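Structure first, commentary second.
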Amino acid sequence: MLKTSLGDALIWMETAETLYLKGTEKLNEYRGVRTHYPHVNKLNVAAVCAGYAFELALKVLVEAGGETREFEHKASTAYQQLIPGDREDVDRIIAKHGWHNPDEFLAYLDEHFCHRDRKYWMVSRKGGKARGVFSMGGRKGMNALRKVHKELSALALKKINDSRLIYEEWLGIEQCI
């Protein structure tokens, strides 16, 4: 189950990256023209996908650490449930990518990717307001976020494999008794 959830997280991030690239490509092509509305929607859908990707990766880390709880759609809520050793690993990964304060990174994810109203960011061509949430570069850009997610996913996979090995060792001991 955990590997399936982690696989879903990777697919969500890949989808986010694809939509982001298509959206920014069209925005640059139509810069200054009011017809770019649907392309902002692509960026918003990319934000929703990236939010799910980070949310799932952190939830997998929590569950691999032995916890099973229900979460809000916030990365910070999942982060708070991490066991101390995993939290330190996550902090190290976040700091490596320029976010020296994990709370700042989690607040950015919560506000721009995991916000409870994120489903309303996607609006039809007929009306409404589109909300562009992505920064185009730096540590807040999609390339940098993809790298953070990739390392979080690798950590989650390592934790899944470690917990599976521990379980298999426990089964072996049980069978001997």
Side-chain angles (χ1 to χ4, degrees), residues 1-20 23 40-123 129-163:
M1 182 65 180
L2 289 178
K3 284 189 178 183
T4 302
S5 295
L6 183 59
D8 290 345
L10 295 171
I11 290 169
W12 279 112
M13 198 64 195
E14 185 177 312
T15 303
E17 183 180 17
T18 301
L19 289 170
Y20 177 77
V40 171
N41 279 345
K42 284 181 186 171
L43 295 179
N44 291 336
V45 175
V48 172
C49 293
Y52 279 130
F54 277 101
E55 192 179 312
L56 283 170
L58 288 169
K59 286 179 181 180
V60 166
L61 275 168
V62 169
E63 290 182 22
E67 299 289 326
T68 53
R69 298 190 181 163
E70 292 295 319
F71 300 99
E72 299 173 35
H73 286 301
K74 287 186 170 183
S76 61
T77 304
Y79 174 84
Q80 294 304 322
Q81 303 302 321
L82 290 169
I83 59 175
D86 290 348
R87 189 175 301 153
E88 290 167 4
D89 290 339
V90 170
D91 290 349
R92 181 185 43 75
I93 290 169
I94 292 170
K96 178 181 173 184
H97 292 279
W99 298 88
H100 300 293
N101 180 352
D103 293 333
E104 180 188 2
F105 177 73
L106 295 166
Y108 179 70
L109 289 179
D110 286 350
E111 180 62 28
H112 295 288
F113 298 95
C114 301
H115 192 275
R116 64 183 173 86
D117 293 330
R118 63 185 171 188
K119 63 184 175 184
Y120 302 113
W121 294 345
M122 300 171 279
V123 293
K129 293 184 177 179
R131 180 176 173 200
V133 296
F134 269 115
S135 169
M136 295 297 170
R139 67 187 174 135
K140 294 182 178 182
M142 179 54 96
N143 289 335
L145 291 173
R146 179 179 50 84
K147 290 175 185 173
V148 174
H149 188 269
K150 184 177 180 179
E151 286 196 41
L152 287 175
S153 298
L155 175 63
L157 185 59
K158 180 185 179 301
K159 295 295 179 181
I160 290 169
N161 289 333
D162 289 350
S163 64

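Worth saying up front: this structure is predicted, and the values here are computed from it rather than measured. Keep in mind that the numbers below use all heavy atoms, side chains included, and drop hydrogens, waters and symmetry copies.
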Closest approach of G98 and R139, non-hydrogen atoms and distance?
O-NH1, 3.2 Å
Drop me the distance from E55's CD to D8's CG, to the nearest 0.5 angstrom.
12.0 Å
Within 6.0 Å of CD in E14, more than 12 heavy atoms from elsewhere
no
To the nearest 0.5 angstrom, please state how far the CD1 atom of I93 sits from the NZ atom of K150.
12.5 Å
Return the CG to CG distance between L157 and L152, rounded to the nearest 0.5 Å.
12.5 Å
Among D103, D86, D91, find the residue that satisfies the side-chain hydrogen bond (donor to acceptor under 3.5 Å, both in side chains) test when tested with Y79.
D91
Residue from V148, L6, V60 passing side chain to side chain contact (heavy atoms under 4.5 Å, CB included) with S153:
L6
Hey, could you give me the NZ/CE distance between K147 and M142, rounded to the nearest 0.5 Å?
13.0 Å
Can you classify the ring geometry of Y108 versus F113 as parallel (below 30°), tilted (30 to 60°) or perpendicular (above 60°)?
perpendicular
Can you tell me how far apart CG (L61) and CG (L56) are? Round to the nearest 0.5 Å.
11.5 Å
Hey, are the side chains of L145 and F105 touching, using non-hydrogen atoms and a 4.5 Å cut-off?
yes
Taking ring-ring contact (aromatic ring centres under 6.0 Å, His included) as the test, write out the residues that go with W12, two or more places apart.
Y52
Please name the pair of heavy atoms, one in A9 and one in A57, separated by the smallest distance, quoted to 0.1 Å.
CB-N, 4.0 Å
Look at the side chain of D110 and the backbone N and O of S76, then say whether any donor-acceptor pair between them is shorter than 3.5 Å.
yes
Answer yes or no: is there a donor N or O on one side and an acceptor on the other, between the side chain of H149 and the main chain of M13, under 3.5 Å?
no
Would you mind telling me which of I83, T77, L82 makes a side chain to side chain contact (heavy atoms under 4.5 Å, CB included) with V62?
L82
Could you state the interatomic distance from NZ (K96) to CD (E151), rounded to the nearest 0.5 Å?
3.5 Å
Any side-chain heavy atom of N161 within less than 4.5 Å of one from K158?
no
